[in-house]
Amino acid sequence: MASFQRARSEEQRGVRRRSILDVTAAMLDEMPVAELSLNELSRRVGLAKSNVLRYFESREVILLELLDRAWKEWTADLPTALAGAIDADASQQERTEQFAAALAATLAGRTVFCDLLSAQTAVLEHNASPQAAAHYKRAAIANIGDLAALAVIHLPTLGERAFHLAASITMMIGAVWTHSRPSPAMLAAYEADPGLGVARMDFAVSLQDTVATLAAGSIARSTPSR
């Protein structure tokens, strides 16, 4: 926590911003995005809510900042994970399956990133100014581009479809995450009626299957018909 009471210099304002982000990140280790409130964040940071809003225009913009941070951390770890999991001498189909499995495995433990990603479009971007929304959308596009560049290294026949695949994977991460986190009522329904189990999703398994299907379809669409 910052030792000064009022941030007067750019350096001190930077310290205060990092403190707010770090406290928010710690809260996300305890609770889902939907339960994190600006009031509780302000209390933990030790600032009035109005003072927190001097550094970030809304709770959602704080979370968008953390999403970008988590996204870049994931992307930074991906090259090693993919290189260790994909056999360059395997067939295209095998490499596609290996790519999907490796991607899903890297995300299985990144609960905060997946939760933030699932809330990005439906929640976080709805309480940001046009300037902030544009800033974080540019960051998202760059992050998708980084994933596309990694995908085409291991699946070169993707060609120009690599960015579209990466964007689709990003969208599906959030969707599968949401559907694999059923409400207490739905969990009770599954327990009462085993026949409903067909609708229940395991995050890693479902994401792997979805990514493999998307990648195979993208490769097929990028390959000229003979």
Side-chain angles (χ1 to χ4, degrees), residues 1-2 14-75 77 103-137 139-140 143-144 169-192 196-197 199-207 210:
M1 197 64 62
V15 170
R16 185 60 51 80
R17 283 176 60 88
R18 288 191 295 274
S19 176
I20 292 169
L21 289 169
D22 290 343
V23 170
T24 308
M27 291 175 68
L28 290 174
D29 287 332
E30 304 172 14
M31 64 188 73
V33 169
E35 294 180 9
L36 191 148
S37 71
L38 190 57
N39 285 334
E40 178 61 13
L41 170 60
S42 301
R43 187 188 70 78
R44 295 196 189 195
V45 172
L47 293 172
K49 186 164 69 172
S50 59
N51 284 339
V52 172
L53 295 176
R54 290 175 57 200
Y55 298 96
F56 296 94
E57 64 185 49
S58 66
R59 160 193 175 271
E60 287 73 17
V61 165
I62 298 171
L63 294 172
L64 283 169
E65 181 78 19
L66 288 177
L67 169 58
D68 184 49
R69 179 198 287 185
W71 205 333
K72 286 178 167 57
E73 289 171 354
W74 174 57
T75 305
D77 290 342
L103 208 68
T106 64
L107 288 163
R110 295 179 184 268
T111 59
V112 172
F113 172 51
C114 294
D115 197 19
L116 286 167
L117 197 58
S118 72
Q120 179 187 6
T121 304
V123 178
L124 305 186
E125 293 177 0
H126 284 260
N127 195 21
S129 67
Q131 294 78 15
H135 171 77
Y136 292 108
K137 187 59 72 177
N143 290 328
I144 291 170
I169 288 172
T170 301
M171 180 175 63
M172 293 310 301
I173 291 168
V176 174
W177 178 260
T178 300
H179 283 82
S180 65
R181 294 294 184 277
S183 67
M186 189 53 66
L187 287 173
Y190 288 146
E191 185 71 23
L196 296 175
R200 192 165 184 177
M201 300 177 74
D202 176 273
F203 175 70
V205 173
S206 298
L207 183 63
T210 300

For Ala108 and Ala204 the tightest heavy-atom approach is CB-CB, 4.5 Å

What are the two closest non-hydrogen atoms of Ala128 and Leu64, and how far apart are they? CB-CD1, 4.4 Å

With side chain to side chain contact (heavy atoms under 4.5 Å, CB included) as the criterion, how do Arg200 and Leu187 come out once you've worked through the C-alpha distance, each side chain's angles and the decisive distance to 0.1 Å? CA-CA 9 Å; Arg200 192 165 184 177; Leu187 287 173; 3.2 Å; yes

Heavy atoms only: give me the nearest Leu107-Ile173 pair and the separation to one decimal. CD1-CD1, 3.5 Å

What distance do Thr75 atom OG1 and Phe113 atom CZ have between them, rounded to the nearest 0.5 Å? 6.5 Å

Please find the pair of heavy atoms, one from Phe203 and one from Cys114, that lie closest to each other, and give the distance. CZ-SG, 3.7 Å

Evaluate Val123 against Val33 for side chain to side chain contact (heavy atoms under 4.5 Å, CB included), listing each step before the verdict. CA-CA 10 Å; Val123 178; Val33 169; 5.9 Å; no

Please determine if Arg69 and Glu65 form a salt bridge, counting it only when a charged side-chain N lies under 4.0 Å from a carboxylate O. no

Rounded distance (nearest 0.5 Å) linking atom OG1 of Thr24 with atom CG of Leu38: 9.0 Å

Go through the structure and list residues passing ring pair (Phe, Tyr, Trp, His ring centres under 6.0 Å) with Phe56, not counting sequence neighbours. none

Is it the case that more than 12 heavy atoms not belonging to His126 sit under 6.0 Å from its NE2 atom? yes

The reported gap from CG in Asn143 to CG in Leu67 (rounded to nearest 0.5 angstrom) is 8.0 Å

Can you establish whether the number of heavy atoms outside Glu30 located under 6.0 Å from its atom CD is more than 12? yes

Short side-chain to backbone donor-acceptor contact, Ser58 and Asn127, under 3.5 Å: yes

Can you tell me how far the OG1 atom of Thr170 sits from the CE atom of Met172, to the nearest 0.5 Å? 11.0 Å

Distance col, row Leu116:CG vs Leu28:CG, nearest 0.5 angstrom, shows 5.5 Å

Distance col, row Leu66:CG vs Trp71:CH2, nearest 0.5 angstrom, shows 14.0 Å

Locate the shortest heavy-atom distance separating Leu124 from Glu60; write the atom from each residue and the value. O-CB, 3.3 Å

With a 6.0 Å cut-off (strictly less than), is the heavy-atom count around CE of Met186, excluding the residue itself, greater than 12? no

Are any of the side-chain heavy atoms of Ile62 and Tyr55 separated by less than 4.5 Å? no

Backbone N or O of Trp177 within a donor-acceptor pair of the Ser180 side chain at under 3.5 Å? yes

Return the minimal non-hydrogen interatomic distance between Ser42 and Val52, and the atom names on each side. OG-CG2, 3.6 Å

From the options Lys49, Arg44, Arg59, select the one residue that forms a side-chain contact (heavy atoms from CB on, under 4.5 Å) with Asn39. Lys49

Apply side chain to side chain contact (heavy atoms under 4.5 Å, CB included) to residues Lys137 and Glu125 and explain how you reach the verdict. CA-CA 9 Å; Lys137 187 59 72 177; Glu125 293 177 0; 2.9 Å; yes

